[in-house]
Protein chains: 2
Amino acid sequence: MAVVSHRFVKGAILGRIQSGEWGLGDLIPAETDLAVHYGCARATVNRALRELAEEGLVLRKRKGGTRVRQMPVRQAKLAIPVIREQIESAGAVYRHHTITREVRVPDEVSRKKLNLREDISAAYIETLHLADNAPYAFERRWVNVDAIPDFLNVDLAAVSANEWLVRSVPFSLGSLSFCAIKADALIAKSLGCAVDAAIFSMNRTTWLDDRLITDMELLFREGYILQSVL
Amino acid sequence: MAVVSHRFVKGAILGRIQSGEWGLGDLIPAETDLAVHYGCARATVNRALRELAEEGLVLRKRKGGTRVRQMPVRQAKLAIPVIREQIESAGAVYRHHTITREVRVPDEVSRKKLNLREDISAAYIETLHLADNAPYAFERRWVNVDAIPDFLNVDLAAVSANEWLVRSVPFSLGSLSFCAIKADALIAKSLGCAVDAAIFSMNRTTWLDDRLITDMELLFREGYILQSVL
DNA sequence: TAGTGGTCTAGACCACTCA
DNA sequence: GAGTGGTCTAGACCACTAT
């Protein structure tokens, strides 16, 4: 018996959408009908349509059926930069350098982000990531050492704060955002760019249960481009 | 009989990873074992693990089994900004204004991106998107009118170029990238910001089969933040 | 070669929601 | 109430790969 994979069905349906056979907003045949049409089980059609829905190409409703989306592709996958890999996959040598490392009571803005009491200290680290000895990204990070006391004993020369945390703490990503900011004197000096250069910034927080573990800001060198996949 | 959903299994496995029961790099029991353990069918465990793999938390290999990833979460989902929705969902009034619209032979850089012959013209459009009459984003776009001749007759006052294309052309997203750039005089004037302000830029290309339909650059107002989901 | 994930099937029941 | 998607099951066979 001929094998009909969910990939085949997905591709066939996608083709019929892209060819215009099923226009934007149109209703697609029910799973059972498609299963008969393609000669496969309903579960196979279901998986194909479920993936198309996850990718934002169709909209599914019980009883309402499946429709081609008016505004397709609301979501894209984004490769989160893991700096060491990014640099090494480009064939360059990765190195990092700890600029600042101290434990103190955060200023009010950071304290609120970390959700800490006024009398609790946290670790503040500034790191420079280098590709072939040229500045690649400048990292500023607060670590909640009240939640992760082991962090105080880490040798940051051997492993970057990011990698230690990722390897040692049961993770759960909190939020991720991106923006553009102007380089101030500290950033300009660290990245070796002009003051007022346009810098691509990534913000990331990580939680353990309901406690914020670390809040990181990564500032990339001038001209950095973040590529999305898909 | 008790119902054991793939969501439950997924959550249970995730919990055992995050609690540290299965550390980073560790091997997780095989699907069949987990199915017995949770009292469900293997297909249910399979779906749970498949989703965890798609989210980047585990790595699966035939015969090799399933392991907890060393560097979790390489991917995040990103809500692609659909400007009108973004503005309207914030409770503001959306409006757009076509600044420039012309048909000409692109300069060499754009011509190469569009993959056009030297003697073929394309449409160039500059649009300003406004939220409550304040500049929100400035859009520059080339449209391959050789492939989409209908575009020449569109009334851009009624519907933005982006929305018309999305509704009229069988879509297929090409690439998506983000960067930070300094505002030049044109951008500063359009967005009402200072020259040299740091501007968040999104680049997007759309293909139909193997022809590039449109190449768009979207420059957001100063201070714009792109939020990732998940 | 043996073990593990990848996938398909046929059938079943449930949940939602539109008419 | 009826139609559609959502999901689970039990079983089967295949594909890859570690050993």
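Naming convention: chains lettered A, B, ... in sequence-line order (proteins, then strands); numbering from 1 in each chain. Only this structure's heavy atoms are used, side chains among them; waters, hydrogens and symmetry mates stay out.
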J.: Would you say the side chain of B/Arg47 and the base of D/dG6 hold a donor-acceptor pair, judged only by whether the two atoms sit under 3.5 Å apart?
T.: no
J.: Roughly, in whole Å, what's the span from CD in B/Glu54 to C1' in C/dT7?
T.: 14 Å
J.: Just N and O in the side chain of B/Asn46: are any of them under 4.0 Å from OP1 or OP2 of C/dG6?
T.: yes
J.: Please confirm whether the shortest side-chain N or O distance from B/Thr66 to OP1 or OP2 of C/dG5 is below 4.0 Å.
T.: yes
J.: In whole Å, what is the span from the CG atom of A/Leu59 to the P atom of D/dG6?
T.: 10 Å
J.: Indicate whether OP1 or OP2 belonging to D/dT4 is found under 4.0 Å from a side-chain N or O atom of A/Thr32.
T.: no
J.: OP1 or OP2 of D/dT7 less than 4.0 angstrom from a side-chain nitrogen or oxygen of B/Thr44, does that happen here?
T.: no
J.: Can you tell me if the side-chain N/O atoms of B/Arg60 get under 4.0 Å from OP1 or OP2 in C/dT4?
T.: no
J.: Whether the side chain of A/Arg42 and the base of D/dT4 hold a donor-acceptor pair under 3.5 Å is what I'd like checked.
T.: no
J.: Nearest whole Å is fine: how far is C/dG3 P from B/Arg67 CZ?
T.: 17 Å
J.: Please report the C-alpha distance between B/Arg50 and B/Glu31 in whole Å, then the side-chain angles of each, then the deciding distance to 0.1 Å, and finally whether the salt bridge (Lys or Arg N to Asp or Glu O under 4.0 Å) criterion is met.
T.: CA-CA 11 Å; B/Arg50 174 158 34 91; B/Glu31 291 187 351; over 6 Å; no
J.: Expressed as a whole number of angstroms, how long is the span from B/Leu34:CG to D/dC8:P?
T.: 15 Å
J.: If you go through the side-chain atoms of B/Arg7, does one of them form a donor-acceptor pair with the base of D/dG6 closer than 3.5 Å?
T.: no
J.: Would B/Asn162 and B/Arg141 count as a side-chain hydrogen bond (donor to acceptor under 3.5 Å, both in side chains) if you check the C-alpha gap in whole Å, the side-chain angles of each, and the deciding distance to 0.1 Å?
T.: CA-CA 9 Å; B/Asn162 186 52; B/Arg141 177 195 294 272; 3.2 Å; yes
J.: Rounded to whole Å, how long is the line connecting atom CG of B/Leu27 with atom P of D/dT19?
T.: 10 Å
J.: Any base atoms under 4.0 Å from A/Ala30, or only sugar-phosphate, or nothing? Heavy atoms, all strands.
T.: sugar-phosphate
J.: Taking the side chain of B/Ala41 as its heavy atoms from C-beta onward, which of C/dC13, C/dA10, D/dA10 lies nearest to it?
T.: D/dA10
J.: Can you figure out which of C/dT4, C/dG6, D/dG6 approaches the side chain of B/Glu31 most closely?
T.: C/dG6
J.: Side chains of B/Arg211 and B/Asn115: any donor to acceptor distance under 3.5 Å?
T.: no
J.: If you count every heavy atom of other residues, nucleotides or ligands that lies below 6.0 Å from A/Arg7 atom CZ, does the total exceed 12?
T.: no
J.: Strictly by salt bridge (charged side-chain N to carboxylate O under 4.0 Å, His left out), give each pair with a member in residues 125-135 of chain A just once, sequence neighbours left out.
T.: none
J.: List for me each residue that meets ring pair (Phe, Tyr, Trp, His ring centres under 6.0 Å) alongside B/Tyr136, sequence neighbours excluded, and say none if there are none.
T.: none
J.: Using nucleotides 15-19 of chain C, report all nitrogen or oxygen pairs with the protein that are shorter than 3.5 Å.
T.:
unit_1: C/dA15; atom_1: N3; unit_2: A/Arg62; atom_2: NE; d: 3.4

J.: Distance check needed: D/dT9 C1' versus B/His6 NE2, whole Å only.
T.: 14 Å
